[in-house]
Amino acid sequence: PGPLFFGAIFDSVCILWQDECGERGNCWLYDNAKLSYYVTALAMPCQFIALLLFFLSWLTYPKKRQESKEETELPNDKNATDKDAAIEVLNAKNPIFNEEESPKTDED
């Protein structure tokens, strides 16, 4: 419906129409002040409704579950090795996994 509304606005602010054989043709001259006022008056409520619907959808969209800080945070011990840090993260995420069951490496 937008083109119909804007077309009606353009037709309503025309000052000088082309006249060909007694029939109205194209518009040759528009009242620019009225045109800017009418177009703004039509566009602003549409923008307001779009903004309102955007925020409404943003507020009602289901939030993604965020993991607790403990589950994603690495230990702050500066002497911890990368292996120790990885084991602590695995233990925090999966309580069944423990250090005894961790795969042995050449460093062990």
Side-chain angles (χ1 to χ4, degrees):
L4 295 176
F5 292 134
F6 282 100
I9 288 174
F10 274 84
D11 288 346
S12 69
V13 296
C14 183
I15 297 173
L16 181 60
W17 289 96
Q18 177 183 3
D19 187 23
E20 211 173 279
C21 299
E23 292 185 18
R24 185 173 82 170
N26 296 330
C27 183
W28 283 357
L29 186 63
Y30 293 101
D31 183 353
N32 289 334
K34 278 186 180 179
L35 181 62
S36 65
Y37 176 74
Y38 290 165
V39 168
T40 302
L42 177 63
M44 291 304 289
C46 295
Q47 289 288 7
F48 177 74
I49 291 170
L51 186 66
L52 182 71
L53 292 175
F54 169 77
F55 280 115
L56 183 65
S57 66
W58 181 62
L59 290 173
T60 59
Y61 190 76
K63 306 282 188 281
K64 184 177 179 182
R65 186 181 81 81
Q66 293 186 2
E67 296 179 12
S68 68
K69 196 172 186 180
E70 292 175 359
E71 293 177 359
T72 57
E73 194 174 81
L74 291 175
N76 288 332
D77 184 12
K78 294 190 190 307
N79 296 328
T81 64
D82 289 340
K83 179 184 173 196
D84 294 335
I87 289 172
E88 282 193 43
V89 169
L90 287 173
N91 283 333
K93 289 188 175 188
N94 187 359
I96 297 173
F97 180 82
N98 58 37
E99 192 172 323
E100 290 80 32
E101 295 176 5
S102 65
K104 300 296 180 193
T105 61
D106 294 337
E107 297 172 0
D108 291 341

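In what follows, every heavy atom counts, from backbone to side chain, and hydrogens, waters and symmetry copies are set aside.
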Quiz item: Is Leu4 isolated, or which residues cluster with it under the ILVMFWY side-chain rule of less than 4.5 Å, directly or via members?
Solution: none
Exercise. Sequence neighbours left out, what pairs pass ring pair (Phe, Tyr, Trp, His ring centres under 6.0 Å) with at least one residue falling in residues 6-40?
Key: Phe10-Tyr30
Quiz item: Looking only at heavy atoms, what is the nearest atom pair of Leu42 and Ile9, with distance?
Solution: CD2-CD1, 3.6 Å
Please tabulate, for the side chains in residues 51-59, all donor-acceptor contacts under 3.5 angstrom to protein atoms that are two or more places apart in sequence or on a different chain.
{"residue": "Ser57", "atom": "OG", "partner": "Leu53", "partner atom": "O", "Å": "3.3"}
{"residue": "Ser57", "atom": "OG", "partner": "Phe54", "partner atom": "O", "Å": "2.8"}

Quiz prompt | Rounded distance [0.5 Å steps], OG1 in Thr40 versus CG in Leu35 | solution = 9.0 Å
